[in-house]
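Only a predicted model underlies this, so the values are computations on that prediction, with no experimental measurement involved.
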Amino acid sequence: MTVRPELFELHPSSGVPIYRQLIDQVHALIAGSRLVAGDMLPSVREVARAAQVNPMTVSKAYSRLELEGVVERVRGQGMRILEPGTLGPFSERQQEFRNLAVPAIHRAIQLGLSEEQIRETLDQLLEAQAILQTENSAEQTDH
């Protein structure tokens, strides 16, 4: 399945570079099972046109995703989402998650959340994610 370029929500005034927003959104869509292995990303031109950004910006994001092992270039077709197992060894993926989690935990502590409240929040997020993945799996089997 080829994803529509409108799936991406890019905000030029957010302070986060557009290419980074694209990368983060692809990761989030994969985590939320809205993008699955075999799905094709929209072309660089389609995303650039829909988001009204320079095609080089989209190309940069796609190249980074390819370097990360998230997508592969399919000659004449574009970029295809890879199986999660191809995202690198467990230790590398775990370290990448830790790099994301440490600042989030630090911020939670700054917000005055206790260790128990942080764990409870993470448990709620994991439950919500599991429900979302179940719903997305059901939708995909219906189509």
> Going through the distances and angles, do Tyr19 and Val53 end up as a side chain to side chain contact (heavy atoms under 4.5 Å, CB included)?
Replying inline: CA-CA 10 Å; Tyr19 81 93; Val53 298; over 6 Å; no
>> The test is side chain to side chain contact (heavy atoms under 4.5 Å, CB included); show your working for Glu68 and His27 and say whether it passes.
In response: CA-CA 11 Å; Glu68 291 175 9; His27 283 288; 2.6 Å; yes
> Hey, mind stepping through Glu115 and Arg119 against salt bridge (charged side-chain N to carboxylate O under 4.0 Å, His left out) and telling me if it holds?
Replying inline: CA-CA 6 Å; Glu115 186 175 322; Arg119 288 179 195 278; 2.7 Å; yes
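Across all non-hydrogen atoms, the minimal contact from Val16 to Gln21 is O-NE2, 2.8 Å. Nearest heavy atom pair, residue Val71 against residue Tyr62, reads CG2-O, 4.1 Å. Closest of all the heavy-atom pairs between Ser63 and Arg73 is OG-NH2, 4.1 Å. Nearest approach of Glu83 to Ala37, heavy atoms of both residues: OE2-CB, 3.2 Å. Considering every non-hydrogen atom in both Ala48 and Asn54, the closest pair reads CB-C, 4.2 Å.
Atom CD of Glu72 sits about 14.0 Å away from atom CZ of Arg75, to the nearest 0.5 Å. Residue Leu111 holds its CG atom at 10.0 Å from NE2 of His106, rounded to the nearest 0.5 Å. Annotation: the span from Glu66 atom CD to Leu41 atom CG amounts to 11.0 Å, rounded to 0.5 Å. From Ile109, atom CD1 reaches atom CG of Leu113 across 9.0 Å, with rounding to the nearest 0.5 Å. Here CZ of Arg20 is found 11.5 Å from CD of Gln25. Values are rounded to the nearest 0.5 Å. Atom CD of Glu9 sits about 12.0 Å away from atom OG of Ser14, to the nearest 0.5 Å.
In terms of hydrophobic clustering, with Ile, Leu, Val, Met, Phe, Trp and Tyr side chains grouped at heavy-atom distances under 4.5 Å, Leu10 and Met56 are assigned to different clusters. Under the 4.5 Å side-chain contact rule for hydrophobic residues, Ile105 and Leu122 share a cluster.
The backbone N or O of Ser114 lies less than 3.5 Å from a partner atom in the side chain of Gln117, making a donor-acceptor pair. Under a 3.5 Å cut-off, the side chain of Asp39 and the backbone N or O of Val36 do form a donor-acceptor pair. Counting only distance, with no hydrogens or angles, the side chain of Gln129 and the backbone of Ala31 share a donor-acceptor pair below 3.5 Å. In this structure a side-chain-to-backbone donor-acceptor pair under 3.5 Å is missing from Gln77 to Val74.
The number of heavy-atom neighbours closer than 6.0 Å to CD of Gln124, taken from other residues, nucleotides and ligands shown, is above 12.
Under the 4.5 Å side-chain criterion, counting only non-hydrogen atoms from C-beta, Leu82 is not in contact with Val70.
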